[in-house]
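When reading the values below, keep in mind they use all heavy atoms of this one structure, side chains included, and skip hydrogens, waters and symmetry mates. So you know, we letter chains A, B, ... as the sequences are listed, proteins then strands, and number each from 1. Since we're looking at a predicted model, the values are computed, not measured.
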2 protein chains.
Amino acid sequence: MSIEIKISLNEGIYLKDPQDSPLGRNIIKHSILLIEDVGFEAFNFKKLAQEINSTEASIYRYFENKHALLIYLVSWYWAWVSYLIKINTMNIDDPKKKLEIIINSFVLASMDNPSNDYVDENKLHSIMISEGTKAYRTKGVDEENGKGFFKNYKELITMVAGVILDIAPTFEYPYTLASTLFEMSNDQLYFAKHLPRLTDIKEKENKYAEVEKMLNYITAKLLY
Amino acid sequence: MSIEIKISLNEGIYLKDPQDSPLGRNIIKHSILLIEDVGFEAFNFKKLAQEINSTEASIYRYFENKHALLIYLVSWYWAWVSYLIKINTMNIDDPKKKLEIIINSFVLASMDNPSNDYVDENKLHSIMISEGTKAYRTKGVDEENGKGFFKNYKELITMVAGVILDIAPTFEYPYTLASTLFEMSNDQLYFAKHLPRLTDIKEKENKYAEVEKMLNYITAKLLY
DNA sequence: TTTTTTATGATAGTATTACTATTATTTTGA
DNA sequence: TCAAAATAATAGTAATACTATCATAAAAAA
């Protein structure tokens with residue numbers, strides 16, 4: 001028995017809510033597996049259709065194109081991390097402790113607590129690390145931002161910035177620090193794996209713990 | 001009269017050195033203009049050929065594909081920033097002052113000092129901001145890294161990490177901080193322009209100065 | 001249950017992209 | 001001035017990113 005969380009995502013991202021049908025959920029599930037496997041550039045709806053024994057045309061009824069699907073996945077991730085943080089900080093008052101939990105959620109995201117049976121949060125995290133920024137680094141950002149496609153990211157950052165300000169009310173860069181912690185977490189994990197000379201994090205079992213420690217150290221220096 | 005710097009880039013990136021011929025230099029020049037204009041996804045060799053009154057086939061003699069061309073541009077940028085830092089810190093001994101110059105070079109990169117007549121460093125910087133990470137966020141990273149395609153980035157970061165260690169020999173994260181300063185500079189400028197709720201930097205004339213100030217503040221807190 | 005609606009599948013087709021190949025022409029430079 | 005190299009012109013192919021149409025199956029409404 002799994003906890004069923006219905007993640008709330010901006011309706012404009014999809015043509016038809018994939019959470020509402022078996023085919024839709026299959027699209028999400030296997031798009032994560034396939035993007036992880038072949039990378040976003042080589043990923044396409046034809047290959048995805050083959051994986052799930054469906055057709056290109058059927059997938060196009062859910063998403064306008066693979067870019068929209070990526071925004072969907074990334075938004076799911078942002079929403080999922082927000083959710084994780086919310087439940088894990090629910091009974092916590094100390095904002096310093098809260099920020100530690102936030103950092104832990106940025107770095108580990110999924111290690112535990114799979115929310116449902118069609119989204120593998122672990123794999124989704126690794127897509128986030130390699131492909132995440134491609135969701136908003138496009139010519140269409142401004143238009144898509146206008147339609148609210150990145151709302152989940154902004155909400156997450158706003159929440160984190162709030163905690164930062166609770167710790168240090170006069171700190172001048174709460175939003176910058178919040179987005180930097182998120183981006184750093186992904187960047188440094190990516191570098192550890194692929195471009196190790198750009199980071200001090202070593203590609204080992206405990207690299208997540210190392211990144212966590214590093215981010216905690218940095219925030220402590222900046223805020224305490 | 002312009003200073004002619006021959007930027008040294010890994011030979012594997014191109015099939016034929018574009019710096020050595022008028023067509024090659026034209027390819028570089030107009031690829032920068034065109035990518036800035038239409039974005040990397042919509043950019044292709046056919047459009048580029050039209051811009052320079054040449055042909056697709058001719059461009060393919062210089063670069064295997066548009067991805068290789070992006071790596072070339074990004075490597076140019078990394079090499080250019082390294083060069084800028086080198087000449088601007090040449091007579092400086094104080095590593096703190098050096099790091100300030102490094103940060104200034106990360107943020108402004110080009111504002112002054114155009115090195116030659118076919119690379120517009122200003123536009124190249126803005127490509128770096130929007131498209132830069134796409135050069136190494138691909139399925140081929142490991143293979144390309146093996147061929148030394150990202151050497152210029154690593155050299156830049158190694159140099160900066162060295163300065164960081166000169167300031168604070170016991171600091172545990174010199175490489176992480178170096179790459180973070182570089183990435184933050186680009187990310188925060190991008191956010192200021194397109195996703196302002198993710199940053200404290202305001203999209204104004206002096207946003208570069210703001211980012212510079214912010215990065216100096218952060219490094220000071222972490223290292224001094 | 002029957003009918004109607006909706007979702008999906010099967011198939012086909014188009015425009016664009018990302019190349020490769022071939023031959024002609026121009027440029028360079030020995 | 002002749003040979004070699006670089007570029008242009010042209011054509012062609014396989015894959016991609018869709019769109020359209022119609023058949024069928026499943027779900028919902030009557």
Side-chain angles (χ1 to χ4, degrees), chain A residues 11-31 34-35 37-73 118 131 134-135 137-140 143-144, chain B residues 11-31 34-35 37-73 118 131 134-135 137-140 143-144:
Chain A
E11 291 186 10
I13 298 172
Y14 48 78
L15 300 171
K16 196 160 169 313
D17 192 341
Q19 289 184 89
D20 287 347
S21 72
L23 176 61
R25 289 188 288 270
N26 231 356
I27 289 170
I28 299 308
K29 178 176 180 178
H30 285 88
S31 65
L34 192 53
I35 292 173
D37 189 27
V38 304
F40 186 65
E41 277 70 36
F43 166 83
N44 63 44
F45 283 179
K46 194 173 189 180
K47 289 176 190 166
L48 179 56
Q50 279 161 0
E51 290 287 316
I52 60 179
N53 293 309
S54 179
T55 62
E56 259 185 292
S58 297
I59 298 171
Y60 274 107
R61 286 191 196 99
Y62 285 85
F63 293 101
E64 250 183 55
N65 49 47
K66 70 175 184 172
H67 175 239
L69 175 49
L70 181 64
I71 294 181
Y72 184 91
L73 296 179
Y118 63 100
E131 321 285 356
K134 292 171 192 168
R137 295 285 231 275
T138 67
K139 262 290 151 182
E143 203 194 319
E144 288 166 357
Chain B
E11 291 186 11
I13 298 172
Y14 48 79
L15 301 171
K16 196 158 171 312
D17 192 341
Q19 291 184 87
D20 286 347
S21 73
L23 176 61
R25 290 187 288 270
N26 230 356
I27 288 171
I28 299 309
K29 177 176 180 178
H30 285 88
S31 65
L34 191 54
I35 291 173
D37 189 28
V38 304
F40 185 65
E41 278 70 36
F43 167 83
N44 63 44
F45 283 0
K46 193 173 190 180
K47 289 176 191 167
L48 178 57
Q50 278 160 1
E51 290 287 316
I52 61 180
N53 292 310
S54 179
T55 61
E56 260 185 291
S58 297
I59 298 171
Y60 275 106
R61 282 191 205 99
Y62 286 86
F63 293 100
E64 249 185 54
N65 49 47
K66 71 175 185 173
H67 176 239
L69 174 51
L70 181 64
I71 294 181
Y72 184 91
L73 295 179
Y118 63 100
E131 322 284 358
K134 293 172 191 169
R137 296 290 232 271
T138 68
K139 262 292 152 180
E143 203 195 320
E144 288 166 357

- prompt: Under 4.0 Å between a side-chain N/O of B:Thr55 and OP1 or OP2 of D:dA9, yes or no?
  reply: no
Nucleotide nearest A:Arg61 (side chain, heavy atoms from C-beta), chosen from D:dT7, C:dA10, C:dA18: C:dA10
message: From CG of B:Asp20 over to P of C:dT28, roughly how many Å is that when rounded to an integer?
response: 14 Å
- request: When you get a sec, tell me which of D:dT10, C:dT11, D:dT7 is the closest nucleotide to the side chain of B:Ala57?
  value: D:dT10
statement: Between CD1 of A:Ile52 and C1' of C:dA7 the distance, given in whole Å, is 14 Å
query: Is the closest side-chain heavy-atom distance between B:Leu69 and B:Ile59 below 4.5 Å?
result: no
query: Among C:dT8, D:dT7, C:dA18, which is the nearest nucleotide to the side chain of A:Tyr62?
result: C:dT8
field: Proximal nucleotide (of C:dC19, C:dA18, D:dT10) relative to the B:Lys66 side chain
entry: C:dA18
- prompt: Within this structure, what is the CD-to-P distance between A:Glu41 and D:dA17, rounded to whole angstrom?
  reply: 10 Å
- line: Rounded to whole Å, CD of A:Gln50 lies from P of D:dA15 at a distance of 12 Å
- request: Round to the nearest Å and state the distance from B:Leu69 atom CG to C:dC19 atom C1'.
  value: 15 Å
field: Salt bridge B:Lys16-B:Glu11, side-chain N to carboxylate O under 4.0 Å
entry: no
Phosphate-side-chain proximity, B:Asn44 and C:dT17, N/O vs OP1/OP2 below 4.0 Å: yes
field: Nearest listed nucleotide, side chain of B:Glu56, among D:dT10, C:dG9, C:dC19
entry: C:dC19
- request: Look at all strands and tell whether B:Glu64 reaches a base, only sugar-phosphate, or nothing, counting heavy atoms closer than 4.0 Å.
  value: sugar-phosphate
field: Euclidean distance, atom CG of residue A:Leu48 to atom P of D:dA15 [Å, nearest integer]
entry: 19 Å
- request: Answer whether the closest heavy-atom distance between the side chains of B:Asn44 and B:Leu48 falls below 4.5 Å.
  value: no
- request: Using a strict 4.0 Å threshold on nitrogen-to-oxygen distance, state whether A:Lys134 and B:Glu41 make a salt bridge.
  value: no
task: Using a 4.5 Å cut-off on heavy atoms from C-beta on, say whether the side chain of A:Phe63 contacts that of A:Pro18.
output: yes
query: In whole Å, what is the span from the CD1 atom of A:Ile27 to the P atom of C:dA7?
result: 13 Å
- prompt: Start at the 5' end of DNA chain D and walk down; is the nucleotide closest to B:Pro22 or to A:Lys47 reached first?
  reply: B:Pro22
- prompt: Start at the 5' end of DNA chain C and walk down; is the nucleotide closest to B:Phe43 or to A:Lys16 reached first?
  reply: A:Lys16
field: Phosphate OP1/OP2 of C:dA21: any B:Tyr60 side-chain N/O under 4.0 Å
entry: no
- request: Considering just the side-chain nitrogens and oxygens of B:Ser21, establish if one lies under 4.0 Å of OP1 or OP2 belonging to D:dA6.
  value: no
- prompt: So, is B:Ser54 near the phosphate of D:dT7, with a side-chain N or O under 4.0 Å from OP1 or OP2?
  reply: no
- request: To the nearest Å, give me how far apart CG (B:Asn53) and C1' (D:dA6) are.
  value: 17 Å
message: Classify the ring geometry of A:Phe40 against A:Phe43: parallel below 30°, tilted from 30° to 60°, perpendicular beyond 60°.
response: parallel
